[in-house]
Q: 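Have a look at the structure that comes next, please.
As the structure is a prediction and not an experimental result, all values here were calculated from the model. Just so we're on the same page: letters track the sequence lines, and every chain starts at 1.
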Number of protein chains: 2
Amino acid sequence: MIRPAELIERKRDGGELTAQELEELMLGYARDEVPDYQLAAFCMAVFFRGLTSAETYSLAEAMIKTRDTDDLRSALGRKVVDKHSTGGVGDKTSIAIGPIVAACGVPFAKMSGRGLGHTGGTLDKLESIPGFRVELSTDEFVAQVREAGMAIIGASTNLVPADKRLYALRDVTATVDSYSLIAASIMSKKIAGGAEAIVIDAKVGDGAFMKSLPDAQELAEAMLDLGRRAGLEVVCLLTDMDQPLGRAVGNALEIREAIATLRGEGPPDFVELVLSACSHLLAVSDLGVDDAEGRRRAEQAIADGSAFEAYERWIRAQGGDPDEAALPQASVVRELSADRGGYVAELGAVRVGQAALHLGAGRRAKEDEIDHTVGVVCLAKRGDRVAAGEPLAEIHAQTEEAAAEAARELAAAYELADEPPRERPVVLDVLA
Amino acid sequence: MIRPAELIERKRDGGELTAQELEELMLGYARDEVPDYQLAAFCMAVFFRGLTSAETYSLAEAMIKTRDTDDLRSALGRKVVDKHSTGGVGDKTSIAIGPIVAACGVPFAKMSGRGLGHTGGTLDKLESIPGFRVELSTDEFVAQVREAGMAIIGASTNLVPADKRLYALRDVTATVDSYSLIAASIMSKKIAGGAEAIVIDAKVGDGAFMKSLPDAQELAEAMLDLGRRAGLEVVCLLTDMDQPLGRAVGNALEIREAIATLRGEGPPDFVELVLSACSHLLAVSDLGVDDAEGRRRAEQAIADGSAFEAYERWIRAQGGDPDEAALPQASVVRELSADRGGYVAELGAVRVGQAALHLGAGRRAKEDEIDHTVGVVCLAKRGDRVAAGEPLAEIHAQTEEAAAEAARELAAAYELADEPPRERPVVLDVLA
């Protein structure tokens, strides 16, 4: 017999729960035998006390037991590799990585989500592309990965029902920000989806959930540990989110930047992150290469055009028009100019994300509609030297008023200084 | 517009909520606009972060706004004084205090609760008395206090609906043990009930929620502060609960001990606590005496028999038979003997409470039935000297097996030593 209040109390007081107790708690929750309010109190106790690595694994395992769909990806008959980002501003990484990896002969079958707040969602970005369908049947999904080499679709609502339900509860009870719960949530979905190896892009900085490198290392360790216990290869990149990733923030604008990157014309920080993630993805795939060779092949796929061809094949397979000219455009485009000369010392990711959100590129509440055309292009990034009057950023808006408001917000995001800032690489650390 | 998740997050991160925010949260909860799971997460955040004294007061005030019954006690037309105990093993204090205070001319009108776990409830103890009714109508309650000088009845379910509902939620989410929430809960009921002055008996030790004096002082300070803000006189006694209070633990057994005390034959520690509480109750009443004079009058009421007469009047008024011989008796009474000579160094309150609980004197779950006859009488208490083979305790049970099992549990509660333990008074501190 499960006594949830006793389990909550033990966790509250810093004790450890057994695998069986956590399973009873989660399965009881999934079966409506344990009410939301007990899970809410439990999650808040976990926020303060954390979970041991054994507990985190047990929680993920318990959540996986609630899945009621088949493992789509294992139907491919290949080793399944996956990639996950903890989310940030301007993060269009999957959209560039998928075609590169596919061009190198590794199937890329990903389920993705929508955005909320100042961080965008891959599905929202893809829906900028006229005709693109994010909902595929299981058979369509598997067939497309076989034929076109890749697919990105909406996460099945029932992949891990307990995780979905718990996430919704955490969202309204201020218990999202727990390393243990984040790790268990991510990994339960990846394992349930059939992944055998996974590259995690853990964002660190102003625009990320994890503000400092030690925080990100803590989450990374939780994930690596979960991977070890689940027999899953995990590589964790800790990457900079003090400034937006790349230049573009906003849905269609980010698709353009992904296309530019696949054509070899991407912004340096984004290109570096994409190549780094691809090199590790290829290294954990069944190609049998190391990450240096993986990086070489990824660079080659961009250089010889095969990555962009893979992009076109993919977008067409999902009903979309891969032509960049088909992407929708905002009616008002304005520039923000530097009011002084100097180096960009800081470019606050949250402020840029908020400016894009207020322009209409994101959702403040789940039911909000997105405007795919609007957003920001950061022409100058950290370390760049600008003269007074030179453009810092381009604002894509629906109205002049919205553009003016965004310009004020963006101006506050830029900090100019006489000296160049200390260099900070986009990939801060790699843990495996 | 209230955003409960933001309030939860702020408290989680150690911030402070305004009076208006706490009122919106509690009234929203009372109106079913804020769900249980958000309050559960909030209470767990409060468990870890605490509430400031301003927040505790705001929470109590907000809960009071949900009351939907009249203030019964103010109908008496006298200054209303009240007494509250945080609960312990063998705590029959109200049953002895009420008649003494009433005999001194101060009306004693109390609403009380039932017990759960190893601590008993005053209502359960009173129901040992044949015929005693704990449910009175408002009119009966007020009329009885006027005519018989006192009444103790079951707490009205709707005195403070938000508190009642929140307490039930805290009970199943391991969030009972929070000083701030305890203080707000106690004080909201006392204020809503019309109390103008209150004596709090805060138990400290093994058998109490508060295990150490600093913990109890923290709760006492929270209550004193709430009282100050609410314009309520508060006196807080910090009293020993390392060993059971008095000798008797078990419902009818405790009534016998209360009667003995009113006749001047009570055990020393219980008599001391009763006299101390009475002296402070009389001092905050409208009699206009100080606590030294209050104590003298309380001693006099016991000595001249008026306290016992007040007891008889009260019990008869509530339909009960005040004759001690009418109390039910257990079929099996056995003694536990000392297996060595020496001083009682420790007498663990929780172990004694658990032994009584297992005999059937208390409830493990809310729906359990109570056996009013069973329990334990601790013949030897801390500091007493016993010879080998002398009786330590008397066990009142339904069966020989239950008595034998209780004897094993009780033996573990007694610790005998060659040297007498350091003296520890029953009243450890008085804060006002």
Q: Taking all heavy atoms of B:Y37 and all of A:T173, pick out the closest pair and write down the distance.
A: O-CG2, 3.7 Å
Q: With a 4.5 angstrom heavy-atom cut-off, which part of A:L39 approaches chain B: side chain, backbone, both or neither?
A: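 Looking at A:L39, nothing touches chain B.
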Q: Using only non-hydrogen atoms and a strict under-4.5 angstrom cutoff, which residues of residues 43-56 of chain A touch chain B?
A: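 If one takes a 4.5 Å heavy-atom cut-off, the residues of residues 43-56 of chain A near chain B are A:M44, A:A45, A:F47, A:F48, A:R49.
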Q: For A:Q20, does the CD atom sit with more than 12 other heavy atoms under 6.0 Å from it, leaving out its own atoms?
A: no
Q: What parts of residues 212-219 of chain B touch chain A if we use heavy atoms and a cut-off under 4.5 Å?
A: none
Q: So A:R12 and B:D177, side chain to side chain contact (heavy atoms under 4.5 Å, CB included) or not? Walk me through it.
A: CA-CA 11 Å; A:R12 184 197 78 183; B:D177 311 346; 3.2 Å; yes
Q: Taking all non-hydrogen atoms of both residues, which atom of B:I8 and which atom of A:V172 are closest, and how far apart?
A: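 Scanning both residues completely, I find the closest heavy atoms to be CD1-O, 4.0 Å.
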Q: List the atom of A:A5, the atom of B:D171, and the distance in Å for their closest heavy-atom pair.
A: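 Scanning both residues completely, I find the closest heavy atoms to be CB-O, 4.3 Å.
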